[in-house]
Amino acid sequence: MSELMMMVVLVGALFTMLAMGMWVGFALTLTGALGMVMFTSAPLGPILATTFWGHSHSWALAALPLFILMGEILLRSRLSEDMFTGLTPWLGKVPGKLLHVNILGCAIFAAVSGSSAATAATIGKMSVPELKKRGYPDSLILGTLAGSATLGLLIPPSIILIVYGVSTEQSIARLFIAGILPGILLVGMFAAYIAAIALLKPEIFPKEVLNFSFMEKLKASKRLLPVIALIAGVIGSIYAGIASPTDAAAVGVVLALVLAWSSGSLSWDMFKQSVMNATITSCMIAFILAGAAFLTVSMGFTGIPRNLAAWIDTLNLGPWALLGALTVFFVILGCFLDGISVVVLTTAIIMPMIDAAGIDPLWFGIYLVIVVEMSQITPPVGFNLFVIQGLTGDNIFKIAKAALPFFFLLLAAVVLITIFPQIVTALPNLMRG
């Protein structure tokens, strides 16, 4: 009951500050400070300082502003428009039309960055203005972006899978392979949902008459070549072993500059605007990350995650009931903590339960990532929602409502991999063989 009361107090404080219009980073930080002052005897100042410093000088974090800068450059060049122009002939007759660009773009970029925040920021910079200009519904633009950007956590290379592998002593290579089929499954489910909406409610989509011959499609596809070259350069530099994801982000910026220059859209003013906007967006995201990290540390000192996990252990649940309880537990935790923090804080307590229930820890890693993906689009601390809010200026609850169908699609994916665990284990087993 004491942990429940602590959660009620902290949740109420966070909601109150957000409702007052306080910056998200400040709200997270102050909530963490409130938790430490009220419920612990730990020294607030030193912990706040070390947490902010420790989460702001990470080399891996350098990939985020670089990928955002790449998106800003592409936004101001003709490459984003070229991408839509090149895809229009191929997707024009597919139900849902160019909304599928959000889904496919996020899936491809997820294989580059390993970060849902970078995926949302980069693809959103390119797609949101184009889709709004063409008259697509705001709810579907925001929903497809928020939902599909979560693929950055699942499709390899995935930072959170690395954290899980290290924490549980699982093979990171096998975890990466295990994430491929579930990633493809989610892409298919998202695309099928958009197609179904388009068939049921065609009136909400723009009336674009798109009749192209095969040769016209091929001719239009030439405008995709710069985008394909950029993707190939970034992905190729990672998988060829030439660059780490952080180094590849720098490769992406260089290639974006070269392509913008070759298209005649690069200028000094355009470059300055790109750098300034990328700086503003990156600082916003970094401040939220630092605030979330401090809230995570504060929650750790209060013992809430540890004690709740231990309480679940005392219930002696069977495998199915245990997974159901853990799903609710992780989604609730994910409302207040970032995904990596959820994994770090709970695996030491959760894994003995998983082993005792006879659940494959490799399968559980993919299950955990999908559940954490659900929390990325769940208020109040759904990180993808904050990133998209920073990009669009829309109300956080409007974005959360738009993302709600994709939350349920992710939940359906959890059910599918539970009923058919081979979706996760088939490729790793072939690899082992």
Side-chain angles (χ1 to χ4, degrees), residues 63 67 100-120 122-123 144 147-194 228 231-245 248 323 339-340 343 359-374 376-377 384 406 409-433:
F67 278 127
H100 294 287
V101 175
N102 259 359
I103 300 169
L104 297 175
C106 285
I108 293 169
F109 196 80
V112 179
S113 68
S115 163
S116 65
T119 301
T122 303
I123 300 301
T144 52
S148 302
T150 62
L151 296 170
L153 296 178
L154 180 62
I155 297 178
S158 165
I159 297 171
I160 197 169
L161 282 177
I162 295 174
V163 173
Y164 176 82
V166 172
S167 301
T168 61
E169 299 182 353
Q170 293 295 308
S171 166
I172 293 173
R174 295 187 74 224
L175 284 168
F176 277 3
I177 296 299
I180 293 175
L181 287 182
I184 294 173
L185 171 68
L186 283 170
V187 170
M189 292 173 71
F190 292 164
Y193 169 74
I194 293 301
I228 293 172
I231 294 170
V234 175
I235 294 180
S237 65
I238 294 175
Y239 287 104
I242 300 171
S244 69
L323 287 175
I340 291 177
V343 173
I359 298 172
D360 183 354
L362 179 79
W363 177 90
F364 184 76
I366 303 303
Y367 153 87
L368 177 57
V369 169
I370 296 177
V371 174
V372 168
E373 284 181 339
M374 294 162 60
Q376 295 292 295
I377 53 176
N384 281 12
F406 295 87
L409 289 172
L410 288 164
L411 182 60
V414 169
V415 174
L416 285 174
I417 68 167
T418 303
I419 298 174
F420 306 106
Q422 298 85 357
I423 297 172
V424 174
T425 59
L427 291 182
N429 287 342
L430 287 175
M431 181 177 126
R432 183 174 58 189

Check whether any side-chain heavy atom of [X] lies under 4.5 Å from a side-chain heavy atom of [Y], and answer yes or no.
X	Y	answer
P421	D360	no
R174	N429	yes
L410	I377	yes
I160	V372	yes
I155	I180	no
I359	L323	yes
L409	F406	yes

Restricting to ring pair (Phe, Tyr, Trp, His ring centres under 6.0 Å), what partner residues turn up for Y164, sequence neighbours left out?
none
Looking only at non-hydrogen atoms, find the nearest pair between [X] and [Y] and report the distance.
X	Y	result
A413	L186	CB-CD2, 3.5 Å
G165	L175	CA-CD1, 3.6 Å
E373	T150	OE2-O, 2.7 Å
A107	V187	CB-CG2, 3.7 Å
P182	I366	CG-CG2, 3.8 Å
L161	L154	CD1-O, 3.8 Å

What's the separation between atom [atom1] in [X] and atom [atom2] in [Y], rounded to the nearest 0.5 Å?
X	Y	atom1	atom2	result
I184	M189	CD1	CE	14.0 Å
L151	L104	CG	CG	10.5 Å
L185	I370	CG	CD1	7.5 Å
F176	L427	CZ	CG	15.0 Å

Are the aromatic rings of F190 and Y193 close, with centres under 6.0 Å apart?
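F190 vs Y193: aromatic centres not under 6.0 Å.
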Just to verify, what does T144 make a side chain to side chain donor-acceptor pair (under 3.5 Å) with, not counting sequence neighbours?
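T144 satisfies side chain to side chain donor-acceptor pair (under 3.5 Å) with N102 only.
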Where the side chain of W363 meets the backbone of Q422, is there a donor-acceptor pair that is under 3.5 Å apart?
no
